[in-house]
Every structure is written in structure tokens, then in C-alpha cells.
Trainee: 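First, the structure itself, so that you have it in front of you.
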Amino acid sequence: MRQSELFTKTRKEAPKDEVSLNAQLLIKGGFIHKEMAGVYSYLPLGLRVLNKIIGVIREEMNAIGGQEVFLSSLQSKALWEKTDRWNDEKVDNWFKTKLNNDTELGLGFTHEEPLTAILTEHISSYRDLPKYIYQIQTKFRNEARAKSGVMRAREFLMKDLYSFSKSEEERKEFYDIVADAYHKIFSRVGIGEKTYMTFASGGVFSKYSHEFQTECEAGEDIIYVDEKKNIAVNKEVLTDEVLSDLGLKKDELVEKKAVEVGNIFNLGARFSESLGLTFKDEKGESRPVIMGSYGIGPGRLLGTVVESLSDDKGIIWPELIAPFQAHILFIGDSLDVRKEAERVVNELEKKGVEVLYDDRDVSAGEKFADSDLIGIPIRILISEKTLLQKKAELKSRKTNEIKLVDIESVLSKDLDVLLKL
Ligand code: ATP
Ligand code: MG
């Protein structure tokens with residue numbers, strides 16, 4: 001991708017009303033556009049990152065047997081009345097709208113109801129179970145406070161997975177499999193070390209649910225971490241009883257601010273009973289399907305990465321989700337230098353490397369500042385000085401380390417090798 005062709009431009013200042021660091025950096029870098037409080041559009045750079053995050057999540061969901069669907073956002077009032085979740089006193093974040101004939105509709109804030117209803121048409125026997133069904137789809141929530149940028153949006157993507165099992169044991173088995181998959185996802189996108197499986201309130205069906213909380217100054221939650229055991233307890237459930245239940249000691253826990261990037265829940269028969277999702281067991285007896293739900297917010301994850309991995313110059317993307325793998329810059333007016341930069345771009349692209357090429361006629365200072373702001377892991381610079389030695393200057397965005405490397409060896413090595421040179 002030639003930077004001169006990218007329609008987005010970087011900007012020096014974020015909108016004055018934008019208080020969150022993640023949205024400030026993402027807007028300055030041209031990754032997103034702020035439509036209004038809590039509502040953001042993804043632009044080419046932002047969409048590339050978002051799609052990479054989604055790709056990781058999708059791979060891990062497919063690996064544990066998830067089947068992907070895409071449910072509608074428009075939701076029927078009658079369906080949600082059956083589970084008593086239509087009433088605004090029960091659910092305080094609905095966005096509702098109306099057809100021309102005044103029929104009320106809702107914009108889905110979660111999808112237990114419609115998916116459970118769909119499954120009543122497909123599940124009837126113990127032979128049909130278990131099933132694991134997920135989607136990556138837009139949710140609408142009239143969030144009271146939307147001050148955390150893309151981490152708390154009013155329109156946002158969620159990966160929501162639902163499990164449908166014959167028994168509580170079968171549900172629990174899958175729950176543990178999802179927990180492992182979640183650990184994999186958070187490590188692959190680069191926040192594994194800062195993310196803790198956290199005991200949280202379980203609602204009516206279980207003693208606990210589990211949140212995946214990432215240490216982050218901008219987080220809205222407080223967690224207490226046992227760093228040796230690598231688990232945490234949400235402040236909301238921290239009592240002496242819970243501590244003894246989990247075998248934790250208060251004075252061995254470290255308090256941290258954190259953001260919930262994912263969670264996993266036991267739903268028991270709450271939705272299957274209200275909506276008539278039953279199956280015939282081996283003895284021919286009718287029983288409700290036992291459900292679980294498992295969420296991750298790809299946009300919140302993206303915002304969390306920005307919050308926890310940026311510095312005063314800009315974003316520092318982890319390699320796997322960076323919008324591009326290498327940022328190629330040249331400085332000076334020499335035609336030879338530009339030609340050599342273009343050759344490097346073409347050769348790397350031929351090898352399948354995703355390259356952003358700064359071919360703009362702007363000052364070196366501007367190129368460097370934008371490169372730091374956009375945060376691609378490796379910057380490859382060619383100047384008259386480096387070209388004289390047939391070398392390029394490599395800079396790691398993460399460590400700021402700079403090295404002069406033979407251009408031919410840049411072209412012959414894998415990028416992750418170059419990062420470690
Ligand atoms: P929170 O307590 O932060 O409001 P929640 O308990 O409402 O989260 P869920 O309904 O379980 O969250 O949603 C599943 C996942 O979707 C969350 O773990 C989070 O990653 C993401 N998510 C929830 N609300 C938002 C939001 N407003 N903006 C972006 N992502 C969100
Ligand atoms: Mg919420």
C-alpha cells in the first residue's frame with residue numbers, strides 16, 4: 001500500500017471532546033473516525049487491525065468446534081417478552097425502534113433469545129447435542145457512560161459463542177475448553193501476559209462466572225491478582241468467603257485496574273426453559289438444553305492493545321495484528337534512493353510481506369512522526385547515506401533499537417528474523 005494513495009491522513013490533534021487515550025491515538029493515526037460519543041467508524045488502517053483480531057478469534061473458535069452464524073440485529077419484541085428481557089426496567093440499555101405500522105423492534109444487545117429460538121427448529125434429540133455456535137456481529141447498547149473510546153462503544157462488534165449441551169457436566173467440560181481458547185487468543189493478539197482469568201459474579205446458575213481482565217490504567221474494573229497462581233478475583237465479589245473458597249490470601253493479592261476483554265458464563269436452562277428448547281434423552285424423556293455463553297469484544301480488544309502498549313509517540317502494534325508488517329520510508333530527493341526503496345517494497349511484497357510504503361513528498365520529520373504514531377513493528381529506512389553502503393536502517397517500534405543491515409539481507413530474511421537481528 002502506497003501511503004500517498006491512502007485516503008486517510010494523520011492529524012496532530014484528536015477531537016477536543018475525546019477523553020480516552022485509545023480513541024485519541026486511533027483518530028490521530030487515521031485508524032477510526034468518531035461519529036459521536038461511543039460511536040466509531042473503522043477506516044482502512046483500523047479495519048486491517050480489527051480484521052486480524054477477528055481472524056485470530058475465528059481460528060480459535062473453529063478449532064474448538066464452533067459453527068459460525070450471523071444473526072440479525074433487528075429483534076422481535078414478542079421473542080424477548082418470553083424471557084422477560086424486553087422491559088426497559090429489566091434491561092436498561094436497549095435501543096428500540098418502530099416499523100411504519102408502529103410495530104416495536106429492538107436492536108440486539110446480545111443474542112441468547114434469537115439463537116435459542118432458532119435451535120428449537122433444529123434440535124430434538126440427545127443425538128443432536130452438544131452444539132457450539134458463534135458469530136462476530138454488531139451489538140447495540142445504550143451505554144450510560146461512553147467515555148472509554150472503542151473500549152465502551154454504543155455500537156460494537158462482539159464475538160458471542162453459545163454452547164448447547166445435554167447436561168451440566170457436558171457444559172462444564174466445554175467451558176474449560178473455551179477458557180483455554182481464550183488464553184490462546186489473548187496471547188496471540190499480544191496481551192497474554194497482562195490478562196488474567198478472573199472470578200466474577202456467577203448470576204443465578206453458578207457460584208462464579210469468569211472474566212478475562214487485562215491490566216490497564218483506563219480499565220473500569222478493579223481486580224485482585226494472585227501473580228503466582230495467575231488468577232484474579234473481581235473486586236465486586238471479593239469477600240473472605242470467596243477467598244477461602246478459592247484458596248487465596250488477601251495479603252498475597254495485588255490490586256490492579258483492568259478492562260474486561262472477554263467473559264464466560266453458565267446460563268443453565270434459563271433460556272431453553274423460557275423458549276422451549278428441549279431434547280429427548282436416551283430414555284425418551286424431554287429435558288431442557290443446558291447452555292453457556294462466551295463473549296469477546298474485538299473492538300474493545302483493539303482499544304485495550306492501544307491503551308496498554310502505546311508510548312508518548314503513538315501506538316505499538318504487536319506483530320500479529322499490526323495493520324502492516326513493515327513500514328518502508330526513504331528520505332531525501334535522490335531518485336536512486338526512491339528507486340531503491342521501491343525495489344525493496346516490490347521484493348518484500350512478492351515475498352508476501354504486508355508493506356506500507358511512505359512515498360509522500362513530506363519532510364523526514366513528518367515521516368518519522370507518522371511512522372511512530374501508526375506503530376508498525378518494523379521501520380525500514382533508505383537514505384543516500386545508507387544506500388552508499390548498500391544498507392537500510394531498521395528500527396524496531398517496540399524497542400526503538402536501530403540497526404544498519406545489508407539491503408540484500410533485508411530481502412532474503414523473514415521479518416521476524418530481522419526484528420531479532
Ligand atoms: P461490561 O461490564 O464492561 O459492560 P458486559 O458484562 O456488559 O461488559 P458482555 O455483555 O458479557 O459484557 O459482553 C461480552 C464482551 O463484549 C465483553 O467482555 C467485552 O469484551 C465486549 N463488550 C461489552 N460491552 C462493550 C461495549 N460497550 N463496547 C465494546 N465492547 C463491549
Ligand atoms: Mg455492559
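Order of appearance sets the numbers: ligands from 1, and atoms from 1 within every ligand.
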Trainee: Nearest to atom 28 (N) of ligand 1, what protein heavy atom do you find, and at what distance?
Mentor: A153 N, 2.9 Å
Trainee: Identify the closest protein heavy atom to atom 31 (C) of ligand 1: which residue and atom is it, and at what distance?
Mentor: F156 CE1, 3.3 Å
Trainee: So with a 6.0 Å cut-off around NZ of K280, is the heavy-atom count from everything else above 12?
Mentor: no
Trainee: Sequence neighbours excluded, which residues qualify as side chain to side chain contact (heavy atoms under 4.5 Å, CB included) partners of T278?
Mentor: S286
Trainee: Looking only at N/O atoms, are G297 and ligand 1 under 3.5 Å apart anywhere?
Mentor: yes
Trainee: Can you pull out the closest protein heavy atom to atom 2 (O) of ligand 1? Residue, atom name and distance to 0.1 Å, please.
Mentor: E260 OE1, 3.8 Å
Trainee: Please list the nearest protein heavy atom to atom 19 (C) of ligand 1 with its residue and the distance rounded to 0.1 Å.
Mentor: R300 NH1, 3.6 Å
Trainee: So, regarding I296 and ligand 1 (criterion: nitrogen or oxygen to nitrogen or oxygen, under 3.5 Å), is there a contact or not?
Mentor: no
Trainee: Among R141, K139, E211, which one puts a heavy atom closest to atom 5 (P) of ligand 1?
Mentor: R141
Trainee: Applying salt bridge (charged side-chain N to carboxylate O under 4.0 Å, His left out) as the test, list every pair that has at least one member in residues 192-211; sequence neighbours left out.
Mentor: K207-D245
Trainee: Here's one to test your reading of the geometry: is the NZ or CZ of R171 within 45 degrees of the ring axis of F174 and under 6.0 Å from its centre?
Mentor: no
Trainee: Taking the six-membered ring of F279 as reference, does the cationic atom of K166 (NZ for Lys, CZ for Arg) lie under 6.0 Å from its centre and within 45° of its axis?
Mentor: no
